[in-house]
Participant: 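Handing you a structure now.
Numbers restart at 1 for each chain; the letters A, B, ... are given by sequence-line order, proteins then strands. Computed from a predicted model, the values in this text were never measured in an experiment.
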Amino acid sequence: MIDFLEETYKLVRQIPKGMVSTYGAIAEALGDRIAARAVGFALNLNPNPDLTPCYRVVAGDGSIGGFSRGIDEKIRRLESEGIRIKNGKIQEFEDVIFKDFETWYPLRKLRGEQSRLANKVKMEDDFEEIRYVAGFDAGYSKANPLKSYGAIVIMDLKKMEVVEKVVAEKVIKFPYVPTYLAFRELPIFLEVYKNLNTKPDLLLVDGNGILHPLKLGIASHIGVILDMPTIGAAKKLLLGEIDGDRIRYRGDVLGKVLYSSSKPIYVSPGHRISMNTAFEFTKKLCRYRIPEPIRLAHSIVSQSRSSRSSDL
DNA sequence: GCGACAG
DNA sequence: ATCTTGTCGC
Ligand SMILES: [Mg+2]
């Protein structure tokens, strides 16, 4: 997986003394403006401020933005390099914006990967008897922003009983970027999955299946990579319009609204399953709002995180 | 200025 | 997603 943090730092190091860039412009050089907030996340974790001058990254409107050592220090450093600041705004902003980034646009490569995998998604039921159903979730800790925790819970569908639970931890190299979630959570997923004794017949993922701009949300991504039936179940709507119990996006029906409680969840097929079958399995698995295997995986992740919050 | 933004 | 305890209500 690409090291998002390192790619961000490489770009920031290209900004010369006396010039600035913006979170959005760095994100664009990474390959997608939607990653602007993730650039902020990366700069906040900058391990080597002497090597990587993150104070040269400012807000898109020419205001200064944040700085862990205080905004006054950021202003001081910029002024010492010849940037003129008045009332919290950079003067003659356009003239001091660095634009000539040398980049390979890593996020475009990831988009290409999504596009390639999306062609392999199968939206018809393609399985035999479903006996073991797995749920996956990942969690994070603010105390330790570079660590991810993952859990998979496997249940016997007929008995609705847990047959296996596995947890794992892994260092993260990719922040949360809307529509690129799989690149954040796939590594920890694979780490957990390889430790399973029971191989599930169906996997439910906390996130979307085809309900995604490229029809390749994390559930579809995992399904294609492992070649197994998957379903996406999200707590919030990423995109699309609600039309009755359907979710439409650019004319296609990409998901369904499931009222498993007073507040709905958003279900979409991941891989090797149809819309209706995905909806029915998910409905059957909901004891509470969240499908039981995912709900239990989430709970285990939380326990694992708090029990290990002391060590790094 | 406001809304949108899986986790 | 994370930070956080008890408390109110079905
Ligand atoms: Mg989650």
Participant: Expressed in angstrom and rounded to an integer, what is the separation of A:R295 atom CZ from B:dG7 atom C1'?
Facilitator: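 A:R295 atom CZ is separated from B:dG7 atom C1' by 19 Å.
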Participant: Starting from C1' on B:dA6, measure out to NZ on A:K256 and report it in whole angstrom.
Facilitator: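 For the pair A:K256 NZ and B:dA6 C1', the rounded distance is 20 Å.
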Participant: Should the ring pair A:F183 and A:Y180 be called parallel, tilted or perpendicular, given that the plane angle runs from 0 to 90° and is split at 30 and 60?
Facilitator: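 Ring orientation, 0 to 90° scale: tilted.
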Participant: Do A:N48 and A:Y9 meet the criterion of a side-chain donor-acceptor pair at a distance under 3.5 Å?
Facilitator: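 Judged by distance alone, the side chains do not pair up.
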Participant: Quick one: label A:N208 by what it contacts on the DNA or RNA (base, sugar-phosphate, nothing), any heavy atom closer than 4.0 Å.
Facilitator: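 It contacts base atoms.
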Participant: Students often get this wrong, so: under 4.0 angstrom with heavy atoms, is A:F183 touching a base, only sugar-phosphate, or nothing?
Facilitator: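 Since no nucleic acid heavy atom lies under 4.0 Å of A:F183, the category is nothing.
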Participant: Verify whether one side chain among A:S260 and A:R289 offers a donor that lies under 3.5 Å from an acceptor in the other.
Facilitator: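 There is no such pair between these side chains.
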Participant: Under a 3.5 Å cutoff, is there a donor and acceptor pairing between the side chains of A:E185 and A:Y140?
Facilitator: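 On atom types as modelled, these side chains qualify, holding a pair under 3.5 Å.
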Participant: Please determine if a side-chain N or O atom of A:K235 lies less than 4.0 Å away from the OP1 or OP2 oxygen of B:dG7.
Facilitator: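 Yes.
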Participant: To the nearest Å, give me how far apart CZ (A:R184) and P (C:dT2) are.
Facilitator: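 Computing the A:R184:CZ to C:dT2:P distance gives 10 Å.
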Participant: Rounded to whole angstroms, how far apart are NE2 on A:H212 and C1' on B:dC5?
Facilitator: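 Distance, rounded to whole Å: 13 Å.
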Participant: May I ask you to evaluate whether A:R37 reaches the phosphate of B:dC5, defined as a side-chain N or O under 4.0 Å from OP1 or OP2?
Facilitator: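 For A:R37, the contact criterion (side-chain N or O under 4.0 Å from OP1 or OP2 of B:dC5) is not met.
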Participant: Between the base of B:dG7 and the ring of A:Y176 - centre-to-centre under 5.5 Å, planes within under 30° - is that a stack?
Facilitator: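 Base of B:dG7: stacked against A:Y176.
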Participant: In whole Å, what is the span from the OH atom of A:Y149 to the P atom of B:dG7?
Facilitator: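 About 20 Å, once rounded to whole Å.
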Participant: Report the C-alpha separation of A:R131 and A:D201 in whole Å, then their side-chain angles, then the decisive distance to 0.1 Å, and conclude whether the salt bridge (Lys or Arg N to Asp or Glu O under 4.0 Å) test is met.
Facilitator: CA-CA 6 Å; A:R131 176 156 185 209; A:D201 305 303; over 6 Å; no
Participant: Side chains of A:S63 and A:D61: do they bring a donor and an acceptor to under 3.5 Å?
Facilitator: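 There is such a pair between these side chains.
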Participant: Specify the separation, in whole Å, of atom CG of A:N44 and atom P of C:dT2.
Facilitator: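 Atom CG in A:N44 sits about 17 Å away from atom P in C:dT2.
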Participant: If I take atom OH in residue A:Y266 and atom P in nucleotide B:dC5, what distance separates them, rounded to the nearest angstrom?
Facilitator: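 Rounded to whole Å, this separation is 10 Å.
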Participant: Touch check for A:H221, heavy atoms < 4.0 angstrom, all strands: base, sugar-phosphate only, or nothing?
Facilitator: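 No contact at all - A:H221 keeps every heavy atom at 4.0 Å or more from the nucleic acid.
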Participant: What does A:I218 touch in the nucleic acid at a heavy-atom separation under 4.0 angstrom: a base, only the sugar-phosphate, or nothing?
Facilitator: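 The residue A:I218 makes base contact.
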Participant: Take atom NZ of A:K147 and atom C1' of C:dT2, then tell me their distance rounded to the nearest Å.
Facilitator: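 Roughly 16 Å, once rounded to whole Å.
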Participant: Going by the side-chain hydrogen bond (donor to acceptor under 3.5 Å, both in side chains) test, name the single residue among A:Q14, A:E6, A:E7 that passes it with A:K10.
Facilitator: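 The passing option is A:E7.
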Participant: Both atom distances under 3.5 Å, Watson-Crick or G-U wobble: I'd like the secondary structure of DNA chain B as a dot-bracket string, with | for pairs made across strands.
Facilitator: .......
